[in-house]
2 protein chains.
Amino acid sequence: MATVDTSKKQMIMEAAAKLFRDRGYSATSMRDLAKAVHLQASSLYNHINSKQEILKEICFHNARHFLAGIEQIVQEQQDPAEQLQALILLHLRVATSDATSITSFNDEWRHLDQPELDQFINLRKRYEEHFRNIIDQGIAAGHFRKVDPNIVMYTILSSLRWVYDWYRPERADSIDEIGEEIVALVLNGLQH
Amino acid sequence: MATVDTSKKQMIMEAAAKLFRDRGYSATSMRDLAKAVHLQASSLYNHINSKQEILKEICFHNARHFLAGIEQIVQEQQDPAEQLQALILLHLRVATSDATSITSFNDEWRHLDQPELDQFINLRKRYEEHFRNIIDQGIAAGHFRKVDPNIVMYTILSSLRWVYDWYRPERADSIDEIGEEIVALVLNGLQH
DNA sequence: CCTACCGATCGGTAGG
DNA sequence: CCTACCGATCGGTAGG
C-alpha cells in the first residue's frame with residue numbers, strides 16, 4: 001500500500017512548474033494549483049509541505065543539473081570551442097526535456113526564502129565561474145578573439161534562456177538545428 | 001496651487017518600477033509601495049488610480065519608446081548592418097536612461113489585464129516585424145550569412161535584455177564599450 | 001482526501 | 001493626506 005504517492009507528488013510538481021512559468025510564483029495560489037490537479041487546497045499538504053518547498057525543489061533540481069553538466073563537459077572535452085558547443089547543447093537538451101521547470105528556475109528563484117536564496121546564488125556563481133574559465137582558456141589558447149568573458153557569457157546564456165520561452169516542440173526546426181544556428185552565430189558571427 | 005502633484009506621481013512611479021523589478025508585480029503590495037514613498041497606502045490613490053494603472057504606464061511607455069526608436073532607425077539608416085548597430089545602441093541607451101522601468105517592462109507585462117495585454121503584445125509584434133525585416137534585408141543584400149532571422153533576432157534581443165539585470169553604472173566599462181563588444185560579437189563572432 | 005476554519009494580508013473606498 | 005474599514009483571498013492547520 002502507498003505506492004502511487006510519488007507519482008501524485010510528481011503531478012503536483014509539474015502542474016506547479018507550469019503555473020509558476022505562466023503566472024509567476026507569487027501570482028499562483030495554492031487553490032490554483034489544487035484546481036489544476038483536481039484536489040482541494042488542503043489536500044495538497046498530504047503530498048508537499050509548503051509552497052516554498054515546491055519552488056525550492058524546482059530551483060535546486062535545475063541548478064544541480066546544470067552544474068553537474070558543465071563539470072562533466074570541463075572534464076571530458078579539451079578544446080574550448082568544443083566545450084562551448086557542448087555547453088550550448090546542454091542548455092538546449094535540458095530546455096527540451098524539462099522546459100516548464102527551467103523557466104521557473106530562471107525567473108522565480110528570487111522568491112526563495114533565506115537561507116536557500118543564498119545557497120542558490122552560490123550554485124549559480126560556481127556555474128558561471130566554470131563558464132568564464134572556458135572562455136578565458138579559449139582566449140589564452142588563441143582560439144577566441146580578445147573579448148570580455150563576462151559579456152560573452154551573458155550574451156550566450158541569455159540567448160539560450162530565450163529559447164525556453166520561445167521554442168515550441170511542434171515547430172519545424174528541431175532543437176538541434178536551432179542549437180547549430182546559435183553556435184554558428186556565436187562562433188562565426190553574422191557577417192560574411 | 002497644486003503644482004507638485006506631477007512630481008509626486010513621478011516619485012511613486014519610480015518607486016513602483018524599482019519594487020516591481022526587485023520583487024515582481026504580484027509580490028509588491030500597495031503597502032510596500034506606500035512605505036517606499038513615506039505615505040499611507042490609502043494616500044497613494046490621490047495620485048494614481050490603481051496598481052494595474054502603474055503597470056500599464058510602465059509597460060506602454062517603454063513599448064512606445066522602442067517602437068518609435070526602431071521606426072526612426074529604419075527611416076534614417078540605409079545599410080542593414082548599420083541599422084542593426086543602431087538598434088543595439090538604442091536598447092543600451094534606453095537601458096541606461098531608464099534601467100528599472102525597463103526590467104518591469106520585460107518581465108512583468110504578463111500581469112497586464114485585458115484588453116491591455118493584447119494591445120501590448122501587438123506593439124511587441126510590430127517591433128519584432130521591423131527587426132526581422134532588417135535581418136531579412138541584410139541577408140537579401142548579401143551582407144549577412146543565410147541565417148534564421150528569428151533565431152538571430154531573439155539571440156540579440158535576449159543578450160541585450162540581460163544587460164539591464166547585469167549592468168551597474170559604477171562599473172569600469174562604459175555602456176558604449178559593452179555595446180561595441182556585443183555588436184562585434186554578433187557581427188564577427190567569437191572565433192579568429 | 002475532505003469540510004471547516006484560522007489569522008494575516010490584499011487592493012481599494014468612505015469620509016473627513 | 002490620514003484613520004478606519006470593507007470584502008476577498010492568501011498559505012496553511014485541525015480533525016476526522
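From a predicted model like this one, the values you see are computed outputs, not experimental measurements. Convention: sequence-line order gives letters A, B, ...; per-chain numbering from 1.
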Heavy atoms only, 4.0 Å cut-off, all strands: where does A/Ser42 land among base, sugar-phosphate and nothing?
base
Show, in sequence, the C-alpha distance, side-chain angles and deciding distance for A/Phe66 and A/His91, and conclude whether the ring pair (Phe, Tyr, Trp, His ring centres under 6.0 Å) test is met.
CA-CA 8 Å; A/Phe66 277 114; A/His91 276 258; 4.5 Å; yes
Strictly below 4.0 Å, N to O, side chains only: are A/Arg161 and A/Asp107 in salt-bridge contact?
yes
Can you tell me how far CG of A/Leu92 sits from CD of A/Glu180, rounded to the nearest 0.5 angstrom?
10.5 Å
So does B/His65 have more than 12 non-hydrogen atoms from other groups sitting under 6.0 Å from NE2?
no
On DNA chain D, nearest-nucleotide positions of B/Ser43 versus A/Tyr45: which is more 5'?
B/Ser43
Classify the nucleic acid contact of B/Thr28 as base, sugar-phosphate or nothing, counting any heavy atom under 4.0 Å across all strands shown.
sugar-phosphate
Neighbour count >12 (heavy atoms, 6.0 Å) for atom CD, A/Gln72:
no
Tell me what B/Leu44 touches on the nucleic acid: a base, only sugar-phosphate, or nothing, going by heavy atoms under 4.0 Å.
nothing
Tell me whether the count of non-hydrogen atoms from other residues, nucleotides or ligands lying under 6.0 Å of CZ in B/Arg126 goes above 12.
no
If the plane angle is over 60° it's perpendicular, under 30° parallel, otherwise tilted; pick one for B/Phe120 and B/Trp109.
parallel
Which comes earlier along DNA chain C counting from the 5' end, the contact point of A/Arg31 or that of B/Ile48, where each point is its nearest nucleotide?
A/Arg31
Using 30° and 60° as the class limits, which term best fits the ring planes of A/Tyr25 and A/His111: parallel, tilted or perpendicular?
parallel
For DNA chain D, write out the stems as range with range, using runs of 3 or more consecutive Watson-Crick or G-U pairs with both distances under 3.5 Å.
C:1-16 with D:1-16
Identify the 5'-most and 3'-most nucleotides of DNA chain C with at least one atom closer than 4.0 Å to a non-hydrogen atom of chain B.
C/dC10 to C/dT13
